Amino acid sequence: MRVRDVQHPVLPQATADELSRQRAVVSLRKLLNMRVRSQNVRRFAEEGAPAFAERHGRQPQSPEDIEEALFASTDYRLWSAANRASQEMIWVAVGEPIFRDRARMEAAADALATSPNRKGSLTLAPDYDPSPEIAGTDVHLQPGGYARDDHPGDVVAGAFYETGGNVFSFGQGAGKGDSKAGVVFRLLDQDFPDLAPGKILDLGCSAGAASAAYADRFPDAEVHAIDIGAGMLRYAHARAEALGVAVHFHQMDAADLRFADDSFDLVVSHNMLHEIGADKRRAAMREALRVVRPGGVVIFQDVDTRFAPSEVHRVEKNWDTRFNGELFWKIYNDADLQADMIAAGFDPEVVREHHVEAVNNINRWYVISGRKPAGAEA
Ligand SMILES: C[S@@+](CC[C@H](N)C(=O)[O-])C[C@H]1O[C@@H](n2cnc3c(N)ncnc32)[C@H](O)[C@@H]1O
């Protein structure tokens, strides 16, 4: 499978005008995030904190103080407003081609999903009701959110995730191979060279970019992937079929897995932890441990926003919770994930946190890995 620029029939076919608008949004986001945002802590020190001190007669200390001080900086306010606007522009830029091309995409998805040559499968749970907090939120402003499902056959949520992700990630997103899975492949080679996974589970798969990458990397393995959104999963399944890889997709909650105990060699999740609250996170860790076999490995990869060097950095990083529909971003940033893994029952000797260079080198990822103690059947 190509590592970058994966093309398949369920992607919307954008016109030249639409592509140039998407490129413009990528360029604006690069500018705002790589050049302008990096100056926010300096803006706090030079402008925000002195203005706060003048107004209150003391230095900003609490997170609320620090946020007020950041907003006392004109340049910070400008960045914040522009960043929110650029995030909205992502969905306009990818939404136009999606809605124009929707009927063709849905027909293509259906043909792939029902083809006699299909390799994987899709199992939806029509009675499953995603929790209102996730179903009722446009997470990172994605229209309709992760659980969007307008009608039988709808694939819009997945199309938004893949095409929006490309623009969000500066042209390096989910549609272009999967650098996040690549990071886990590297970790498996380094830390678990003895593991030859015969059965793999991907939690919170969205458009299935990582799931397809596992099926490609381990062609003899049986790969399963779950998500809460039917529209996501239809898209992910059709995408995997188009790429010629076998993945079995299921509508399921990571906190309540419908798989037997001890049934996987490897359980992974990519960028799911920051999308769930503390209770679900702990339940998902317990469930991952339950379904992985003794000696099997569990790896949660996510955004590298934890461990801020100062309270100002921490408050600055939490911008997405307040302004970008990322309900659990701050909860994720502040969590003690190592303690959660150990409390879930992972062997404390081998629970490890890593900050790793992304495969594409433009960012870093956070990874926490654990192993089910041998002889610890669920
Ligand atoms: C940021 S996306 C990550 C997608 C994909 N793994 C990737 O890295 O490209 C998070 C996904 O987690 C899913 N999700 C959220 N809560 C979940 C839960 N309780 N169980 C399973 N999936 C969940 C969302 O629907 C969404 O598709």
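Order of appearance sets the numbers: ligands from 1, and atoms from 1 within every ligand. Source: prediction; values computed, not measured.
A search for side-chain contact (heavy atoms from CB on, under 4.5 Å) contacts involving Thr163 returns Leu11, Pro12, Val94, Ile98, not counting sequence neighbours.
Less than 4.0 angstrom separates some heavy atom of Lys280 from each of these atoms of ligand 1: 19 (N). Near His270, with a cut-off below 4.0 Å to any heavy atom, the atoms of ligand 1 are 3 (C), 4 (C), 5 (C), 6 (N), 7 (C), 8 (O). For ligand 1, the atoms closer than 4.0 angstrom to any heavy atom of Glu275 are 1 (C), 10 (C). Of all the atoms in ligand 1, the ones that sit under 4.0 Å from a non-hydrogen atom of Lys180 are 7 (C), 8 (O), 9 (O).
Using the six-membered ring where Trp is involved, Trp91 and His140 have ring planes that are parallel, under 30° apart on the 30 and 60° scheme. Ring orientation note: the planes of Tyr332 and His274 are nearly perpendicular, at an angle over 60° on the 30°/60° scale. Between His224 and Phe259, the angle of the ring planes goes over 60°, which puts this pair in the perpendicular group of the 30/60° scheme. Between Tyr214 and Phe185, the ring planes are perpendicular. Angles over 60° get that label, and only those under 30° would be called parallel.
Heavy-atom separations between Cys205 and ligand 1 include at least one value shorter than 4.0 Å.
Residue nearest to atom 13 (C) of ligand 1, selected from Asp227, Leu257, Val268: Asp227 (by heavy-atom distance). With atom 6 (N) of ligand 1 as the reference point, the heavy atom nearest to it among Ala283, Gly204, Ala255 is part of Gly204. Scanning Ser269, Ala225, Ala213, Ser206 for the heavy atom closest to atom 4 (C) of ligand 1 points to Ser206.
Contact annotation for Ile276 and ligand 1: only side-chain heavy atoms (C-beta onward) come within less than 4.0 Å of the ligand. The proximity of Ile134 to ligand 1, defined as any non-hydrogen pair under 4.0 Å, is limited to the side chain.
Looking at Leu203 next to ligand 1, no N or O pair under 3.5 Å apart turns up. For a threshold of 3.5 Å applied to N or O pairs, the pair formed by Asp253 and ligand 1 contains at least one separation below that value.
Under a 4.0 Å N-O distance rule, the pair Asp340/Arg282 qualifies as a salt bridge.
In the model, His354 has no side-chain atom that pairs as donor or acceptor with a side-chain atom of Gln190 under 3.5 Å.
Under the 6.0 Å cut-off for aromatic ring centres, Phe71 and Phe323 qualify, their centroids lying closer than that.
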